[in-house]
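Note sheet for the following structure.
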Number of protein chains: 2
Amino acid sequence: MSNQGIEAFDSKVCGVCGDIALGYNFNAVTCESCKAFFRRNALKVKTFHCPFQEKCNLTAVTRRFCQKCRLEKCFLIGMKKELILSPEEKEIKRRKIMANKSVESKPCCDLIRNETKIDSATAQTNFNHFSFTYSLPNTITSIIYKAVELEFEPCSVTRTSVSNELTSTELERLDELINANEDFFAPISIETLLVGHIKDIITLTAIAVRRLIKMSKLISAFKNMCQDDQMALLKGGCTELMILRSVMTYDPNKNTWKIPYSKKEIKDLKIDVLKEAKSNIYDEHQQFLRTFNEEWRTNQNIMLLLSAIILFSPERPKIIHRDVVKLEQNSYYYLLRRYLESIYPGCKARSTFLKLIQKVSELHQINENHIKFFLDFNPHDIEPLLIEIFDLKMH
Amino acid sequence: MSNQGIEAFDSKVCGVCGDIALGYNFNAVTCESCKAFFRRNALKVKTFHCPFQEKCNLTAVTRRFCQKCRLEKCFLIGMKKELILSPEEKEIKRRKIMANKSVESKPCCDLIRNETKIDSATAQTNFNHFSFTYSLPNTITSIIYKAVELEFEPCSVTRTSVSNELTSTELERLDELINANEDFFAPISIETLLVGHIKDIITLTAIAVRRLIKMSKLISAFKNMCQDDQMALLKGGCTELMILRSVMTYDPNKNTWKIPYSKKEIKDLKIDVLKEAKSNIYDEHQQFLRTFNEEWRTNQNIMLLLSAIILFSPERPKIIHRDVVKLEQNSYYYLLRRYLESIYPGCKARSTFLKLIQKVSELHQINENHIKFFLDFNPHDIEPLLIEIFDLKMH
DNA sequence: CGCTGTTCACATAGTTCA
DNA sequence: TGAACTATGTGAACAGCG
Ligand SMILES: [Zn+2]
Ligand SMILES: [Zn+2]
Ligand SMILES: [Zn+2]
Ligand SMILES: [Zn+2]
């Protein structure tokens with residue numbers, strides 16, 4: 001690809017695949033190939049299938065391997081198929097061009113040109129009388145234009161005050177998350193004792209999972225789902241949600257997690273405990289933590305929206321109403337985008353949104369390995385709840 | 001052919017002053033100067049006065065003598081001030097350009113580029129497992145994005161969804177539709193005679209269109225729109241509305257439409273008559289009919305709400321107050337969602353909502369790609385009817 | 001032969017300056 | 001005011017790949 005331009009342009013990167021972008025295409029910054037791809041496929045009725053798990057990471061190299069995920073990402077970053085010209089519009093455009101062409105080929109007839117000269121001559125006669133008629137709106141057209149203007153005025157006034165503030169509907173939705181989250185970070189001391197060992201992870205996970213379920217049930221979109229789907233979402237999303245949570249309490253200086261041990265005391269849990277695991281999850285996890293921008297980590301709203309996005313992942317196994325889950329997830333993606341626009345200037349909002357999407361994608365990747373983490377333990381050491389959630393009963 | 005040449009030449013002449021034109025500007029073929037003139041003056045509130053009799057002959061020479069007549073003519077030949085970028089839009093555009101400029105000068109931060117490189121490496125590992133997960137249909141995916149927008153876009157009614165029961169205001173709105181619809185399915189025998197031929201479609205369409213217009217005028221939201229928009233909505237929507245209507249009377253067993261011929265007698269019209277049409281409109285239409293779930297087809301409330309949604313389509317050509325139309329449409333979308341929630345459990349309501357939106361979209365596609373093209377059903381055909389109903393005097 | 005990605009043509013916005 | 005200009009974002013078309 002034309003990737004050699006190492007002097008990467010922050011705002012000139014394709015939102016889909018990361019290749020070099022020239023500008024906006026169908027309402028999002030994309031490379032030329034993704035533009036063509038979108039034009040060719042966005043309107044197709046045929047459904048693509050992902051050869052993997054519907055979470056392909058898209059790059060200039062990998063983009064062509066999975067049409068499903070590519071198209072999905074196109075929509076996710078805001079490409080709009082309405083901006084693709086319909087056959088009808090194309091036809092109109094084609095005719096216009098043809099008309100132009102045929103004109104240029106014929107250096108012909110100044111018939112009309114002559115006419116205009118005549119017009120200008122007759123017009124001169126108009127100048128003979130110089131009366132000042134008051135311009136009453138007597139033609140139908142002027143009545144219409146006036147009516148239009150009158151009706152448009154108040155409309156456009158309210159329109160111009162388009163700020164990026166969240167609307168009440170949007171705020172409501174965000175507040176719901178904040179409320180649901182309220183006692184997620186309550187002290188845990190009563191419930192348990194940490195020993196600075198990898199088993200702490202299991203202990204903490206158990207607590208967190210319990211709180212997570214409680215929290216989910218406070219989200220109306222979740223509560224309205226059928227029982228089967230609720231269970232499937234929790235099972236499928238648990239690990240990822242835990243990892244995301246761990247980002248929130250991560251202390252990059254000490255390389256520890258801050259655990260609210262009691263009301264006063266905050267205890268540090270070294271993330272080194274992950275090294276004890278047999279599978280190699282330490283590096284991956286730490287990489288994820290370290291690359292998680294401080295600015296995002298510490299913004300509760302962002303983290304909550306990400307949590308919701310991850311909770312409502314339609315690609316989890318055994319989901320029945322995938323369309324509904326995806327709808328909810330997209331609502332939260334939309335909210336995230338809107339929230340970012342409300343706190344950052346347009347340009348930064350957009351790039352942050354793209355980076356956060358990227359983070360969600362990375363999280364999906366990590367999940368694969370982490371899920372095996374618990375398999376290394378003796379089932380007797382693990383609470384029944386975790387066994388149920390993580391489907392560990394196979395041993 | 002030579003005719004075209006002249007027409008083509010015509011198209012290179014400014015519609016306002018007859019000067020040489022380069023192409024379309026603000027929706028009409030004009031010269032550069034009229035383009036600039038329009039941009040500068042079309043949005044001004046101040047009214048110009050004609051120094052003559054408001055019938056100035058505009059030429060390349062005289063055009064600058066009378067702003068009043070020049071602007072008038074601009075509108076007359078179809079120039080649209082909506083196409084002038086608002087200050088806000090200009091600002092956005094300016095920013096985009098600035099961003100581009102600054103990017104080219106600064107060979108900065110290859111942060112994202114680096115990340116994507118890592119990604120492409122990890123993505124490779126994905127190829128190890130090759131499972132085939134179930135994918136959502138392509139069509140639904142893009143519908144979901146639309147649904148999200150619908151959820152957060154403003155609408156003309158207040159959204160207070162405490163319970164799933166419809167509020168009294170919502171019920172009122174629905175009742176209005178039911179009342180307006182009342183005599184849509186009245187017998188038609190007095191008016192005409194069916195011959196079992198494709199001409200029947202045309203006959204029936206004429207009757208239906210007339211009723212449709214009557215019905216529309218009973219909807220207060222419609223009545224309150226300006227007359228231009230009323231006409232534009234009907235012109236643009238009647239085909240789709242007719243097709244939707246045909247769904248209501250479709251009999252899937254006999255593959256016929258039930259036509260209320262007289263009070264007692266219901267006559268079947270085989271939909272095979274469509275085969276006589278030029279193109280694959282038969283297949284398209286039948287496909288649409290067959291995939292229209294029985295449960296929705298037979299629910300009058302759903303069908304009426306869909307009708308309203310289709311009627312208030314802001315993307316019709318020549319709409320002036322698109323915002324207003326959109327607002328009304330959103331309200332009906334919202335009402336549909338609320339209605340579904342009142343009759344179905346959460347998951348099913350949401351899912352049905354999506355599928356209905358999809359139907360609306362399909363209908364639009366059928367109209368765009370097939371009817372307009374192949375059947376040559378020119379919306380102008382209903383012009384006489386519209387004029388009759390609106391009692392417009394055209395001169 | 002269908003999908004991909006590059007390169008090009010074109011229409012039509014705004015901008016600038018005499 | 002208007003001629004000359006730039007910028008943006010559409011589609012078309014072609015060449016290469018599998
Ligand atoms: Zn791309
Ligand atoms: Zn994929
Ligand atoms: Zn002109
Ligand atoms: Zn005049």
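Residue numbering restarts at 1 for every chain, and letters A, B, ... go by the order of the sequence lines.
Spacing between atom CD1 of B:I20 and atom C1' of D:dG2 amounts to 14 Å, rounded to whole angstrom units. In this structure, A:K80 atom NZ and D:dG9 atom C1' are separated by 15 Å, rounded to whole Å. Distance, B:L22 CG to D:dT6 C1': 15 Å, rounded to whole Å. A:F48 has its CZ atom 14 Å from the P atom of C:dG2, to the nearest Å. When the C1' atom of D:dA3 is taken as reference, atom CZ of B:R64 falls 13 Å away, rounded to whole Å. The nearest whole Å value for the distance from the CG atom in B:L58 to the P atom in D:dG2 is 11 Å. Remark: P of C:dC3 and CZ of A:F38 are 17 Å apart, rounded to the nearest angstrom. Atom CZ of A:F37 is separated from atom C1' of D:dC17 by 17 Å (rounded to the nearest Å).
For the side-chain contact (heavy atoms from CB on, under 4.5 Å) test with A:R63, the passing option among A:C31, A:C14, A:C56, A:C69 is A:C31; the others fail.
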Between protein and nucleotides 13-18 of chain C, map the contacts as a letter string: B base, S sugar-phosphate only, - none, heavy atoms under 4.0 Å, written 5' to 3'. BBB---

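Between B:R70 and D:dG2 there is a side-chain N or O to OP1 or OP2 distance below 4.0 Å.
When the ring-ring contact (aromatic ring centres under 6.0 Å, His included) test is applied to B:F152, the partners found at least two apart in sequence or on another chain are A:Y334. Every residue two or more places apart in sequence or in another chain that forms a ring-ring contact (aromatic ring centres under 6.0 Å, His included) with A:F38 is listed here: A:F26, A:F75. Shown here are the salt bridge (charged side-chain N to carboxylate O under 4.0 Å, His left out) partners of B:K326, two or more places apart in sequence or in another chain: B:E153. Here B:E91 pairs with B:R94, B:R95 under the side-chain contact (heavy atoms from CB on, under 4.5 Å) rule; sequence neighbours left out.
Among residues at least two apart or in separate chains, salt bridge (charged side-chain N to carboxylate O under 4.0 Å, His left out) pairs with a member in residues 23-37 of chain B are B:E32-B:K35.
B:Q67 comes within contact range of the sugar-phosphate backbone alone, with a heavy-atom separation under 4.0 Å but no base atom that close.
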